[in-house]
Amino acid sequence: MSTTPSTTPQSPETGTARVKRGMAEQLKGGVIMDVVNAEQAKIAEDAGAVAVMALERVPADIRKDGGVARMSDPNMIEEIIGAVSIPVMAKSRIGHFVEAQVLQSLGVDYIDESEVLTPADEVNHSDKWAFTTPFVCGATNLGEALRRIAEGAAMIRSKGEAGTGNVVEAVRHLRQIKNEIAKLRGFDNNELFAAAKELRAPYELVKEVAELGKLPVVLFSAGGVATPADAALMRQLGAEGVFVGSGIFKSGDPAKRAAAIVKATTFYDDPKVIADASRNLGEAMVGINCDTLPESERYANRGW
Amino acid sequence: MNTPVIGVLALQGDVREHLIALAAADAVARPVRRPEELAEVDGLVIPGGESTTISKLATLFGLMEPLRERIAAGLPVYGTCAGLIMLADKILDPRSGQETFGGIDMIVRRNAFGRQNESFEAGVTVDGIDGPVEGVFIRAPWVESVGAEVEVLAEHDGHIVAVRQGRALATSFHPELTGDHRVHSLFVDMVRAER
């Protein structure tokens, strides 16, 4: 660390909760896009993405290929870091804290401890307080979100069902989280202890959520957004921004669709803008009906 | 009472935190996304966020020119982080096609303090504010050089991190994330002085 001039009364501190959570605050109202190479990363940046998620295969392809999905090749991640000036995120497996250590050493701006990759530990998630790099984690309900925050996550995304192009699970999980928060708002102090027990989350966090009426960290939505209207839907339901995975680069005209989703995310409450953004986008990704998806292939079930 | 109406450019970024800070500093705060909303405010905050995204959306939705005109005509403005970049007359290393609103005669360097792992908190002494301000620097820019009309309000580690030129104020750091509303109060006073 460099020396502190006399004008600064305290020495600079990195990796604080405020700096980690504050980073996510800067992404609000934006779209974070999955990219698999430098060229896609540039397309995403030019379209107005606030960040990119660097990974070897988008979830739709992970689904198709099967097998074990792991952290991406460091070369590929570094290439993407070198190609764009917006923040770069990358995924580690759940509980694979060594993959997370590697990602931190590469200088990624956010680590996604992600159910899209094959979990490395079926009991424990990574201790995210141990890192300078902030983490985002998925959640299907409030208890899961608060457990991740207790482990140090600085941002939460509702999980949805990645790689399906079907927004139904994203809606289910975001509604679940929002409904549970609304319910807490109505509880008195006596009820919050039982609520914490039921949510299997620390009492202090439950109390904080009850007071704030929101999570103490930024909440995005993920897993199934494929159209501008999908993105606007998640925003209207209360997501502060969206992750779009396979939906962009598995579509007919990625550059155009990416820009359209960005527009609809900012003007999520203006149907005219969403209509204009939805015109002539070419083919959307084909998509999967989530009812026909076997339990074992539901990524949202991973993590606990 | 003389309560100014201050907008927060709400294309992307930490809009909510600025709205809260402005309200705490006794202004009427409202989000601004359209030219007609811009016409109704006495001052404007450009929030933290991604400067490339904000620049792109401002152009797409017809805010770039109206905003440049109003800032040039003396609209009080305050930018934090990405907002500081948007108020710079020149960016040292812009992405292709990245434009700014301008308003402050300075050259800025984006992400100058480094990537997220280098993001930090430190006390900052700001001219015109008593006692140190908690500076939250997130992938923060710094000001590389300023013109003769620009007042340097704060430095960190030898780099310029807060400036003022006439009715335009900018900081590399994010007072809106701290609950300390003194910088916002300074800006609200600037807006009040113009009414």
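Order of the sequence lines fixes the chain letters, A, B, ..., with proteins taken first and strands second; residue numbering starts at 1 for each chain.
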Selection from B:Gly48, B:Ser119, B:Ala154, B:Gly135 maximising heavy-atom pairs under 4.5 Å formed with chain A: B:Ser119
Residues of residues 54-63 of chain B contacting chain A, heavy-atom criterion under 4.5 Å, by residue number: B:Lys56, B:Leu57, B:Leu60, B:Phe61
Whether B:Arg115 side chain and A:Gly107 backbone form a donor-acceptor pair below 3.5 Å: yes
Per-residue contacts, residues 7-22 of chain B versus chain A, heavy atoms under 4.5 Å: B:Ala10, B:Leu11, B:Gln12, B:Gly13, B:Asp14, B:Arg16, B:Glu17
B:Thr53 side chain vs A:Gly48 backbone, donor-acceptor pair below 3.5 Å: yes
Heavy-atom proximity to chain A below 4.5 Å, by part of B:Arg33: both
Leading residue by heavy atom contact count with chain B [cutoff under 4.5 Å; candidates A:Met23, A:Glu25, A:Arg18]: A:Arg18
Close side-chain approach of B:Arg34 to A:Asp270, heavy-atom, < 4.5 Å: yes
Whether over 12 other heavy atoms sit under 6.0 Å from A:Glu39 CD: no
Validation row: A:Pro12, B:His156 side chains within 4.5 angstrom (heavy atoms): yes
Chain A contacts, top residue of B:Glu118, B:Arg110, B:His174, B:Gln98 (heavy-atom pairs, under 4.5 Å): B:His174
For chain A, the option from B:Val133, B:Asn117, B:Val136 that forms the most heavy-atom pairs under 4.5 Å: B:Asn117
